[in-house]
Structures are given as C-alpha cells and as structure tokens.
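Reading through the structure tokens given below for one structure.
Keep in mind that the numbers below use all heavy atoms, side chains included, and drop hydrogens, waters and symmetry copies. Model, not experiment: these values are computed from the prediction.
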Amino acid sequence: MRTFLLIQVVGSISASIIGVRPGEVKPRVQNSDMTILCTADSGEDSTGFCTASNKCQESNGRSIGNCESGGVCCKVEASCASTMTDPVTYFQSPGYPEAATQDVACNSNVRVNKKVGQLRVDFIDFEIPGPRQDGRCETNNVFRTFAPSAPNGILGGNEQVGLCGLNRGQHLYIEVEPNDVVQMHFTLSGTSVIPNDMAVSLASSVAYKWNLKITQVEFDSDNEAMKELEAPAGCLQYFQDNFGSLTSFNLDGVSRFSPEQNYFICISQKADRDFRTDCGVELRAQVFGLPFGSPAGCEPGDSAVVTEEATDEATEEGTDEATEEGADAATEEGTDEATEEVVDEATEEGTDEATEEGTDEATEEGTDEATEEGADEAADEATGCTMCCVASDSSSLGVVAYDEGLPDTLRYRYCGKKLGGGNQITTEPSPYMINVKSGTWARTKQLPDWAVGFHLTYKINFGSC
C-alpha cells in the first residue's frame, strides 16, 4: 500500500536535500540513479533535483544552489515545443514571468522516466481567459492534457473540456507508466479577457501567463521525499495538511462550473507527524454553487430529496397553471365550435338561445377536461420522493457526511446553492475521498449565475470518535 504522505516544499537558507532526516546517511549523487529533490539556497521558492553541474547544463537548467550530497541543485525551465524528461521541470508561457498577448498554440511533451508512476502538476501560476456561459472553455483559449491513462481528459467524464480561467495554487496528479508520453497543449487567442480573482471587471487584462511545476513521482523510491509525493491511486488531488482549502477548477466567483467532470479529492493526515486519532473532516463552504438537473425543489441545496411539502407545492402550482391555461383555451375553442354548430340551428329555428346553450356546455366540458389533465400531469411529475443531485445533467459533491444544518442527517451528494442545510458538513471517519462530478449538458445551455463551483475550507477533527 502506498504511503499517504505529501511534502510541503519551502525555500531554505541553503540548498538542502528534501526528505533526508538528521542522522541519516546522505546518498551520493554520483553513485545512485535515485532522484534527490532539493530547494533553492536563496529566497526563490523553487524545487530542483540534485545532479552533476554538467548534466544540469545539458538539460538547459541552472543551478539554484549546491547539494550537500554533491553536485548542484538544478532547476529546469521549459516552454513551447519542448520534450521534458527531467525529474522536475517548470513549464512556462513564452517570456514568463511577463504576461503575453500574442496568438499562440503551445505544445510540449513529458516523457515519463523509469520507476515513475505519477506526474504531479502544481499550478504555480495560471491566468488565461475563462469559460463560457455553459461552463466550457473556449476552443481558442484552453489548456488540455492528453495522457494514455485519461484519453478523455484528466478531469474524467466523456469530454475533453480542459482548463481555463484562474487556477493558481491548484494541483493534480496524472497516472502514468514508464515511457509514456503526456502531451500538454495551450491554445490562446491573446484577445479574450482574463477574469480577475473572484470577479470579472471591465478593466481585466487580455495578457495571459502560466507556470506549471511538473514532478515525475517515482514509486518504490528510497528517497523519503519521493515517497511522500506519491498519492493514493485514483486521486486527482491529494491534501495532507490537517486544515486547508479545496477549490473547483476555473473558479473566479463568476465563471460557470464546467460539465463532464468526474474525479476524486483525497485528504489524509500526515501519519508520521501527527499520531492523534482522526474522527472526520469538517467541510465549510465559502463559495458553493453546483448546477442540478431536476426537480426544482433541489435548488436551495438543503435537502437530499424532494420532500412531500415540496411535492404538494409543485402539484398545486402545476394544477393552478394548468387549470387557468386549460380553461382559457377551452373557452375559446368551445365557444368557436359551439357557435358554428348552433348557427345553422339558430337560423332554422330563428332563436339565439341555442347559441348561448351550446357555448356554455362546450366551455364547461373543455374546462373540466383541461383541469383534470393539467392536474394529473402536475401530480405525476411531482409525485414521490425524488433524489437530488443524481440526474444526468446534475453536478454534485459526493461524500458521506452529516449535515450540520440537519442534525443526525447523513447524506452523500450535495448540489444547488448551499452545501447542505447549514453550508457545513462533517464526514464519516477515513478514508476521506470527495467525488467531484458534473453533468452533461448542451453547449447552448446557459447556467444560472450562481453555478460557479465551490471553495471549501477543511479541517481534520481529532479526539474521541
């Protein structure tokens, strides 16, 4: 079983080897093909790998410090039309850190090394134009990743929707095998507006930029840092701090939630640093808006099913509307039919009485039929307890948790405008896995303005379970 650990990389006073503890024998770079990760010896918050100086130069890298085990701490930066083979590579937009505005199609490949089972991609910087009203990225403003393990895209689902908008601070894992080639493709027009953080302004810029740190995670490594980077199988995102935040991709507070997503967020405590017993994870929504399919009673987000009260209201509303519409239509139709039918009779008998009688009868019959049909249809649609968040065009967060707004209520899927009754839930004990899922909908669909995704804070609860 893989160790559920993750390391937080920080700058240090001198170039240091990540994952080597005090008292341990430091491996020599010259005598091992094992990757040793290191950090910069300056204020630069960068990660590199230990290697000989000449090999760093051959990789078009630069030294950001010296490794205690020998050699240099090498940082490799690459841009468009590159093939990335080093243990750690920073894939950057042309001219980074300066933003760019030119029309560009930027392709680069990651060739997977031996012993590697995952790629971890950290979004150090990511600002490109945001999605459309249906949540999809524009075809000329999108970042797509193509991997053998995920032919339909790394977000799951059945459509390669890609990423766009703002994704700084995000990360994701890609399952790979040695010798795989993973393609990374940016397409940018240079003319579309970049969203601001949590808002879109008329003053937003059209200049884009990105900086992705790509780490090739080796399995069965003797290096502690590499062990700690390995995520559980099936997790697109992996968090190990005892508290933090979880955010949907492309979130800016305005742009719509993307369709065709189906992935897992995993949370695990740092077992080697915290020996307390964990009892669950508390999730609190700062932003929450996941579009649902049907029925309408699911929009508030505080219920897992449509209640009987909501069913009765829907039935009454449907009946009233059907009655009024049916009555009006029947009155017009019945009046016309009756008028034509009795005109001849009235002409022969010379009386207007038949016209009035026929008109009244037809009106009553048409009204009754329309009322009954409308009431039946409304009742059929609203009858029974219908589960929320499960329709094919619904989005949801899936996690077994207790709803703080509804004590002793355990549910799995959450959608609509709120994360449950009180915007706060507490999960069952580990494993902590959250299924992020979005529905399938047409490109012409315009999602409501509240369907922007989610930003949650999380905290692992410790104590007596």
Side-chain angles (χ1 to χ4, degrees), residues 9 11 39-49 51 56-65 72-111 119-131 137-146 154 162-172 174 181-197 199-216 249-252 255:
V9 180
T39 55
D41 63 356
S42 63
E44 181 180 1
D45 187 10
S46 295
T47 304
F49 57 96
T51 188
C56 182
Q57 293 177 358
E58 290 173 0
S59 297
N60 294 318
R62 59 185 176 90
S63 172
I64 55 175
V72 299
C73 184
C74 184
K75 179 179 180 179
V76 177
E77 297 160 305
S79 192
C80 308
S82 300
T83 297
M84 297 172 276
T85 60
D86 294 294
V88 183
T89 305
Y90 287 80
F91 176 34
Q92 301 172 339
S93 55
Y96 186 84
E98 297 300 322
T101 57
Q102 67 266 34
D103 185 350
V104 66
C106 180
N107 295 291
S108 287
N109 295 331
V110 180
R111 187 175 297 278
L119 299 181
R120 176 179 166 114
V121 182
D122 288 279
F123 293 69
I124 308 300
D125 217 344
F126 191 101
E127 297 178 9
I128 70 174
C137 298
E138 298 175 331
T139 56
N140 60 344
N141 289 293
V142 63
F143 167 59
R144 291 191 174 100
T145 299
F146 301 89
I154 54 178
L163 296 175
C164 55
L166 305 181
N167 285 294
R168 182 189 295 121
Q170 294 278 21
H171 77 274
L172 56 84
I174 304 172
V181 175
V182 177
Q183 302 177 42
M184 297 189 172
H185 187 164
F186 278 92
T187 302
L188 292 161
S189 65
T191 58
S192 296
V193 173
I194 311 297
N196 288 328
D197 191 16
V200 172
S201 162
L202 293 177
S204 297
S205 171
V206 298
Y208 58 81
K209 60 182 177 179
W210 73 82
N211 183 18
L212 309 181
K213 182 175 73 172
I214 303 168
T215 306
Q216 300 204 27
F249 291 103
N250 308 341
L251 180 74
D252 57 37
S255 297

To the nearest 0.5 Å, what is the distance between [atom1] ([X]) and [atom2] ([Y])?
X: Lys209; Y: Asp125; atom1: NZ; atom2: CG; value: 4.5 Å
X: Thr83; Y: Asn109; atom1: OG1; atom2: CG; value: 5.0 Å
X: Gln170; Y: Leu251; atom1: CD; atom2: CG; value: 8.5 Å

Within the 4.5 Å heavy-atom criterion, are [X] and [Y] side-chain neighbours or not?
X: Ile214; Y: Met184; value: yes
X: Pro94; Y: Cys80; value: yes
X: Glu138; Y: Ser189; value: no
X: Trp210; Y: Phe91; value: yes
X: Thr145; Y: Val182; value: yes
X: Leu166; Y: Glu127; value: yes
X: Val206; Y: Thr191; value: no

Looking only at heavy atoms, which two atoms of [X] and [Y] are closest? And how far apart?
X: Thr39; Y: Ile64; result: C-CD1, 4.5 Å
X: Ser63; Y: Cys56; result: N-SG, 4.3 Å
X: Gly130; Y: Cys164; result: C-SG, 3.9 Å
X: Cys74; Y: Thr51; result: CB-CG2, 3.7 Å

Exercise for the section: Over 60° means perpendicular and under 30° means parallel, so classify the ring planes of Phe186 and Phe126, tilted if in between. Expected result: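 Answer is tilted, since the angle falls between 30° and 60°.
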Practice task
Please lay out, stage by stage, how Ser255 and Asn250 fare under the test side-chain hydrogen bond (donor to acceptor under 3.5 Å, both in side chains).
Solution key: CA-CA 7 Å; Ser255 297; Asn250 308 341; over 6 Å; no
Exercise for the section: Answer with yes or no whether the side chains of His185 and Asn107 bring together a donor and an acceptor at under 3.5 Å. Expected result: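 Result is yes, a qualifying pair exists.
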Handout entry: Summary of salt bridge (charged side-chain N to carboxylate O under 4.0 Å, His left out) pairs that have at least one residue in residues 76-94, sequence neighbours excluded
Key = Arg62-Glu77, Lys75-Glu77
Does [X] use its side chain to pair, donor to acceptor, with the backbone of [Y] at less than 3.5 Å?
X: Ser79; Y: Gln92; result: yes
X: Gln216; Y: Arg111; result: yes
X: Asn141; Y: Ile128; result: no
X: Tyr90; Y: Thr47; result: yes

Practice task
Please say whether more than 12 non-hydrogen atoms of neighbouring residues, nucleotides or ligands are located less than 6.0 Å from CZ in Arg144.
Solution key: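 Yes, because the 6.0 Å sphere around CZ of Arg144 holds more than 12 heavy atoms from other groups.
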Exercise for the section: Begin with the C-alpha distance, continue with both residues' side-chain angles, and end with the deciding distance and a verdict on side-chain contact (heavy atoms from CB on, under 4.5 Å) for Ile154 and Leu119. Expected result: CA-CA 12 Å; Ile154 54 178; Leu119 299 181; over 6 Å; no
Practice task
Apply the test side-chain contact (heavy atoms from CB on, under 4.5 Å) to residues Asn167 and Phe143: give CA-CA distance (whole Å), side-chain angles for both, the deciding distance (0.1 Å), then the verdict.
Solution key: CA-CA 11 Å; Asn167 285 294; Phe143 167 59; over 6 Å; no
Exercise for the section: Using ring-ring contact (aromatic ring centres under 6.0 Å, His included) as the criterion, list what pairs up with Tyr96, not counting sequence neighbours. Expected result: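 If we apply the ring-ring contact (aromatic ring centres under 6.0 Å, His included) test to Tyr96, skipping adjacent residues, there are no hits.
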